[in-house]
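Proteins come first, then strands; the chains are lettered A, B, ... in the order of their sequence lines, and each starts at number 1.
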Amino acid sequence: MLDIKQIRNNPTEVQERLSTRGDYDLTEILALDQQQRELETKRTELQTRSNEVGKAVGQKIKGGADPKGEEVAALREEGNQVKKQLADLEPQERELKEKIHDLVIGLPNLPDPETPVGKTEDDNVEVRRWGDELIPQRNDILPHYEIGEKLGWLNFERAARIAQSRFVALLGDGAALERALISFMLDRHIKVGYAEVLPPILINSASLTASGQLPKFAEESFKCDRDDLWLTPTAEVPVTSLYRDEVLQDSELPILHCAYTPCFRREAGSYGRDTRGLIRLHQFNKVELFKFVKPEESEAAHQALVKDAESILEALKLPYRVLQLCTGDIGFSARKCYDLEVWLPSQNKYREISSCSNCGDFQARRGNIRYKVAGKKGTQFLHTLNGSGLAIGRTMAAILENYQQPDGTIAVPEVLQRYMGDRTVLGKSF
RNA sequence: GGAGAGGUGGCAGAGUGGUCGAAUGCGCCUGACUUGAAAUCAGGUGACUCGCAAGGGUCCGUGGGUUCGAAUCCCACCCUCUCCGCCA
């Protein structure tokens, strides 16, 4: 959530920065804010008087005045008058506040000055590339879903029977490899200082609002009809809310978490895209990285987080590139974002496998996550960062293609072998 | 699902209609003592918000209500804990 004070004090600058992201207009917010503040001044004055009257009555009675006498009755009458006026003002002001809040909560984060200005993904900037020499130089590589079905690892038809299209059932070594990837990634992240979390996967509306999925993107999540609970679209949501409404000590920061969860997305509006395979499913597994940091540390923490995600691809020896997203392509809550894209031979291109965002204090404001510096007065909002480390299904797709052997078997990346019973090659499961 | 207890400041925990934004303890800050630290002693220390300031306002789970005045009384809801039932 943007700071209303910032909007009020620098409307032109905020407007300009928002405009690099899309079509946003502050004029209504500014007008309502002015009205609200005028009402607030009036209301405050009345409340002051009301408090004075209340105290005066107490003092009179304590001083021996007749509680039912004339003196007290006059004060009571004034109290009633003030109350009537307040009863008129208060709902007006509350309504205005709600309107302003509803508008502001719908505004995305301001892009970082370093985020390149652009409209679409075509304006993203490639930052670096790794593993060019590892790109397989063959043209007989089957798409991951074909080889996966041949091996008996992936079954889309039966998954559709169980659920719907855009679901997959993993079987045999496919299931084992998925599990191995989860363990491998978590183990690596834990080793460099991330503390593992296994959060609830059903999450309430307040949690989705804090991280920025609500109110704008309600369409994108699955909702449990009878409860105020949703299926988590990413572990970012429950992990952000781990510390919602808390005041942390500065000595506790930074807090680093990694979390494996399944993720659920409705993929509304992506009908024609990636209809086959593991790239775009309603349910997929992901290991997420998350940091809660002091503002002055967030840029360095962001760079380090991207590196931590990259280290997984490097350990798996999967070729990838790093993009810096432009203002038109960064997520709602992000002010700066890097995507990692892994090489998919069958598509002859890089595909997103991780998205690493610095959200600044945007989510901390929405979730009211603050910290206190020992000995200093007051509190401040911390910064939150998140990134995939990595999306498991897409990693599986990358392995099925990049590690595909001419004979149709799949070589096991060296670092995964100990998670796969020390096998070096995997074949048909059924 | 049934019965009971409870939700108060960074934490713990008093407070049942008036000067209570709230005792006390812990934590934290400053000072004294000390070569230094610990211990001890003295003082200070809630959040949010409006205001240049002086100062004002709001906040005791949430939302209503009673009252001149509510942390305190009434109603509804949410959550937590304990016991019972059911169950992986």
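- A heavy-atom distance below 4.5 Å is found between the side chains of A:H257 and A:F292.
- Atom CD of A:E52 and atom P of B:G55 are 15 Å apart (whole Å).
- With a cut-off of 3.5 Å on both Watson-Crick or G-U wobble distances, the partner of B:C52 is given as none.
- The closest side-chain donor-acceptor pair between A:Q249 and A:S251, if any, does not fall under 3.5 angstrom.
- When distances run from any side-chain atom of A:T48 to the nucleotides B:G18, B:U19, B:G56, the shortest one goes to B:G56.
- Judged by distance alone, the side chains of A:Q36 and A:E40 do bring a donor and an acceptor atom under 3.5 Å apart.
- Rounded to a whole angstrom, the distance from the C1' atom of B:A12 to that of B:U8 is 11 Å.
- Side-chain atoms of A:Q363 and A:T384 form a donor-acceptor pair, as typed in the model, at a separation below 3.5 Å.
- In a base pair of the Watson-Crick type (N1 to N3 plus N6-O4 or O6-N4) or a G-U wobble (N1-O2 and O6-N3), with each distance short of 3.5 Å, B:G4 is matched with B:C81.
- Whole-Å rounding puts the A:Q36 CD to B:C50 P distance at 9 Å.
- Using a 4.0 Å heavy-atom criterion, one finds that A:Q59 contacts the bases of the nucleic acid, with or without backbone contacts as well.
- In this entry the distance linking CG of A:L248 with C1' of B:A47 reads 15 Å, nearest Å.
- Put simply, NZ on A:K42 is 19 Å from C1' on B:U49, counting in whole angstrom units.
- The shortest side-chain heavy-atom distance between A:I410 and A:W153 falls under the 4.5 Å cut-off.
- Note on A:R370: every side-chain N or O is 4.0 Å or more away from OP1 and OP2 of B:G46.
- Relative ring orientation between A:F217 and A:F332 is described as perpendicular, the plane-to-plane angle rising above 60° on a 0-90° scale split at 30° and 60°.
- Checked against B:C68, B:C50, B:U19, the side chain of A:V53 finds its nearest nucleotide in B:C68.
- When distances are taken from the side chain of A:E40 to each of B:U49, B:G10, B:G51, the shortest belongs to B:U49.
- Look at A:T379 and you'll find a side-chain N or O under 4.0 angstrom from OP1 or OP2 of B:C48.
- The partner of B:U30 is B:A42, by the rule that a Watson-Crick or G-U pair needs both atom distances under 3.5 Å.
- For A:K372, taking side-chain heavy atoms from C-beta onward, the closest of the listed nucleotides B:A47, B:G18, B:G57 is B:A47.
- Here A:R365 lies out of heavy-atom contact (under 4.0 Å) with every strand.
- Contact annotation: A:R94 reaches the phosphate of B:G64 (side-chain N/O to OP1 or OP2, under 4.0 Å).
- The separation between A:D3 atom CG and B:C50 atom P is 9 Å, rounded to whole Å.
- Computed from coordinates, the A:Q249 CD to B:C26 C1' distance equals 13 Å when rounded to whole Å.
- Distance from the side chain of A:Q47 is smallest for B:G57 among the nucleotides B:G57, B:G10, B:C50.
- Taking side-chain N and O atoms only, A:N51 has a distance below 4.0 Å to OP1 or OP2 of B:U58.
- Side chains of A:E149 and A:N155 form no contact here, defined as non-hydrogen atoms less than 4.5 Å apart.
- Rounding to whole angstrom units, CG of residue A:D228 and P of B:C77 are separated by 17 Å.
- The same atom, P, is picked in B:U45 and in B:G10; the two are 16 Å apart, to the nearest Å.
- A:V247 comes within 4.0 angstrom of sugar-phosphate atoms only, judged by non-hydrogen atoms across all strands, and of no base.
- We find that NZ of A:K83 is positioned 6 Å from P of B:C68, with the value rounded to whole Å.
- Comparing the C1' positions of B:C78 and B:C28 gives a spacing of 33 Å, expressed to the nearest Å.
- Comparing the P positions of B:A71 and B:U58 gives a spacing of 10 Å, expressed to the nearest Å.
- Across the P atoms, B:C26 and B:G13 are found 15 Å apart, a figure rounded to whole Å.
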